[in-house]
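Chain letters run A, B, ... following the sequence lines, proteins first, then strands; residues in each count from 1.
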Amino acid sequence: MISQAVLGEWYPVAMAALVDAAGRRTLLLGQEIRVFRDAGRIRVTADAGDLAVTERFGHVWACPGTPARALFTIPEADHPGRRLVDCGVVRVKCSPLRAVENFLDIAHFPFVHTDILGAEPHTEVNRYDVKIREEVDEVWATKVHFYQPQAAKSAEGGIVTEYMYRVPAPTASVLYKTCPAMPGEWDVIAIFVQPLTEELCDVWPWMALYDDVTPQAELIAFQQMIFLQDRSILENQIPRLLPLDPGMESPTQADLTSVAYRRWLKRRGLTYGAQMVAA
Amino acid sequence: MTRAWVANGLSRDLPAGVVMHGAWHGQDLAIWRSASGQIAAWKDRCQHRGMRLSHGFVRGETLSCIYHGWVYGTSGACGRIPAHPGLVPPSAIRAEAFACCEKDGVIWVAPAGTEGDVPDLAGLHPVRSLTVEAAGIEAPGLTGMEILQGSVMIAGQTVALGLVLQSLAAGRTAVHALCGGGGDVVAVSRWLEDLRRRLERGVAA
Amino acid sequence: MILYDYVLSASCYKVRLMAALLGVRLDHVAVDFHPGREHRGLAFRALNPAGTIPVLVDGDLVLTESTAMLVYLAHGTAWMGGDTAVAQAQVQGWLAFAARLGASLGMARLHDMLLYAADIAAVRRDGVACLRQMEAHLVERRFAGAIWLVGDGPSIADIACFPSVMLAPDGGVSLDDYPSVRLWTRAVRSLAGFIEMPGIHRLHELKPAPEAV
């Protein structure tokens, strides 16, 4: 039985530009759905009828129940001068929540994204700020600093990059990072995760960057490279479900974002893809 | 009753500085050998974020998790968390160790504290491991016993053979094969390939 | 030399890896294979009518098969695997075998990762058959004191086969059942100049444990 809280959320189900009349047959929360274009309008249908649909950030979002609130906003998506980049879909055999949690983690950079996002011996994670912003009901981590040997496609040499992480929905996360091309601005990199089942997800990375130079294919390649380095990790975590039982795993100070994310999921009953007690 | 000691491959397939996946009655294990040659078998799970330790890497006398680089010593205790280099990890953070030993070139694992000896295969030498996908090992010739020993005619020679069976899942069995001194290991390896084809065809028929 | 390249392609990686091991510099042109399907577009078809990647361009020469690129890059070096009839025939055998790996393990990976249509049970079964064949060969090589597919050193045969094998888990095919294949993949990853690709981790143990900073 899937809770109303889970059913009332918005989930990505397609890249809008790729939806045609034939459409895409896929799963959402274990239920078969169809995403297709009908007289110019995108529809998402299940056996029981049409789902609520909205198009935003290059993607089609559907709500399987009654939307509890409007889809979150990413103000940077409307900033003039930013390039919006749809990066396509990657399927991962893991809990959708594990995919988000991994995205919030920086301590793995030296070992999984070696020489790109991190490198030994620069492994230390200093204290940063984490809070649940009650007014918007989102998890935020700020003042996150980490040494990066190659901060982005356009970056040469190592720098200390600053990040902000934001979880505005249970299966979406938005990352703001220092923009090498435009000091004072943030590059925006998001992952939108479609929960196919509790242990299988489609991940749609998306970016809003200040970069007029790099060819689109290179920007996509960089993002796919990073995410695909994570895939073999995500498919080999035991259990597949994200454990919300505090005894199951051992977070440290570096994991404060994930601790807040888990707490926030638990508090809101957003436990699709989670394991409440140790099996 | 489940057998305590389960064969998990051949020593020759786990050189120093290498970690591999193993299993004890469905429990996933990471089995690794340190630079000095010490072997250990642990539950295949880093306590931090559940990552399989069998994907990790061996440096000297330690095994590190591939995800965040947590470093575990041969005792199983976590000695270093790279995200917090100044921190001495709490003693509660440790890998869950199984008993692990080697005899006659075969690696055996059992729950920690298991008493009793592993089977004796003296006089036989390790050849290779291979997995048979047959519902199967109940097939004629392999009758569910855990070790089959006997003499077989291979390429015109009588060869003493020991087949140590490791049940991996329903219909999946690893066969760790040994043969007597003087046996032609290439011929034995090819004979094993042929045996597997026969067993698997038997199931398909 | 220009390589029309895609970061997630096992075949493109073959060429990147060979060039890195040889110390040959390539210029890269990223192709938006996914999601853009640029390789199926008219502009790309003008370069390679087959609409496949990688493509290697050197002056007037345009190569569209990754194994041919390995030969071109490695010509005149020990990476060709030796010049006896037996060695050359064996190398050719493994280059052809690499195509079987791509059609089986490679297709399983595209299915599981990028949602390609495939008979997944069939391609995985074919992939397991390939891995068993490699394992049997490498077992015999080890009995002879060798580790590489052909001869005493690494060759284009190893590089042609390595990516699809190492990426097998991406397509839901485990390498746990093949100890000799596993040791061979370690040997490849230990080569001086080795580079990784997403899904293939480097051997961190090749670098000593760092002092804390």
Side-chain angles (χ1 to χ4, degrees), chain A residues 94-95 97-99 101-102 104-114 118-128 144-147 229-259 261-262 274-275 278-279, chain B residues 19-32 41-60 62-73 76-98 169:
Chain A
C94 75
S95 156
L97 307 180
R98 285 231 189 242
E101 183 175 86
N102 173 72
L104 302 173
D105 181 81
I106 51 173
H108 73 286
F109 287 174
F111 302 97
V112 179
H113 310 294
T114 313
E120 290 182 289
H122 308 279
T123 53
E124 182 162 17
V125 177
N126 290 308
R127 188 171 269 287
Y128 52 85
V144 183
H145 293 89
F146 203 66
Y147 173 84
Q229 288 178 330
D230 290 314
R231 187 172 180 268
S232 69
I233 302 291
L234 290 169
E235 295 196 339
N236 286 287
Q237 284 176 276
I238 303 171
R240 283 254 167 99
L241 297 175
L242 183 75
L244 294 184
D245 177 344
M248 271 293 282
E249 296 186 348
S250 306
T252 71
Q253 185 189 290
D255 302 313
L256 287 179
T257 317
S258 102
V259 170
Y261 174 56
R262 292 183 184 201
Q275 175 180 286
Chain B
V19 59
M20 67 176 192
H21 174 263
W24 186 85
H25 294 295
Q27 167 72 62
D28 290 307
L29 302 175
I31 306 178
W32 65 285
W42 297 343
K43 213 167 151 178
D44 195 10
R45 187 171 184 277
C46 177
Q47 203 182 320
H48 176 219
R49 284 292 175 248
M51 182 61 199
R52 288 185 186 275
L53 288 169
S54 58
H55 287 236
F57 53 96
V58 178
R59 275 178 178 156
T62 63
L63 175 66
S64 294
C65 178
I66 186 81
Y67 197 2
H68 299 93
W70 287 25
V71 183
Y72 297 86
C78 178
R80 187 165 186 270
I81 296 175
H84 307 296
L87 178 82
V88 176
S91 60
I93 299 179
R94 55 184 306 117
E96 196 177 320
F98 275 61

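Interface remark: of the candidates B/Pro82, B/Ser64, B/Ala92, B/Ser54, B/Pro82 forms the most heavy-atom pairs closer than 4.5 Å to chain A. Contact count versus chain B (heavy atoms, under 4.5 Å) is highest, among A/Leu234, A/Ile106, A/Leu242, A/Asn102, for A/Asn102. Contact count against chain A (heavy-atom pairs under 4.5 Å) is highest for B/Ala83 among B/Ala83, B/Pro89, B/Pro90.
When every heavy atom of B/His48 is checked against every heavy atom of A/Pro251, the shortest pair comes out as CD2-CA, 4.3 Å.
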Run B/Ile66 and A/Phe111 through side chain to side chain contact (heavy atoms under 4.5 Å, CB included) and show every step you take. CA-CA 6 Å; B/Ile66 186 81; A/Phe111 302 97; 5.5 Å; no
As a quick check of understanding, evaluate side chain to side chain contact (heavy atoms under 4.5 Å, CB included) for A/Met248 and B/Arg45, giving each step before the final call. CA-CA 11 Å; A/Met248 271 293 282; B/Arg45 187 171 184 277; 3.7 Å; yes
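For B/Arg59, the salt bridge (charged side-chain N to carboxylate O under 4.0 Å, His left out) test picks out A/Glu120, with sequence neighbours left out. Checked against side chain to side chain contact (heavy atoms under 4.5 Å, CB included), A/Thr252 has the following partners two or more places apart in sequence or in another chain: A/Ala254, A/Asp255, B/Trp70, B/Ile81, B/His84.
Distance check, rounded to the nearest 0.5 Å: NE2 of A/His108 to CZ of B/Arg49 gives 12.0 Å. One distance of note links NE2 of B/His55 with CG of A/Asn236; it measures 3.5 Å at 0.5 Å rounding. Going from atom CD of B/Gln47 over to atom OG of A/Ser250 covers 3.5 Å, rounded to the nearest 0.5 Å. From A/Thr123, atom OG1 reaches atom CZ of B/Arg80 across 5.5 Å, with rounding to the nearest 0.5 Å. Remark: A/Glu235 CD to B/Arg52 CZ distance equals 11.0 Å, nearest 0.5 Å.
Looking at A/Pro110, there are no atoms closer than 4.5 Å to chain B (heavy atoms on both sides), in backbone or side chain. Contacts between A/Gln253 and chain B at a heavy-atom distance below 4.5 Å involve backbone atoms as well as side-chain atoms.
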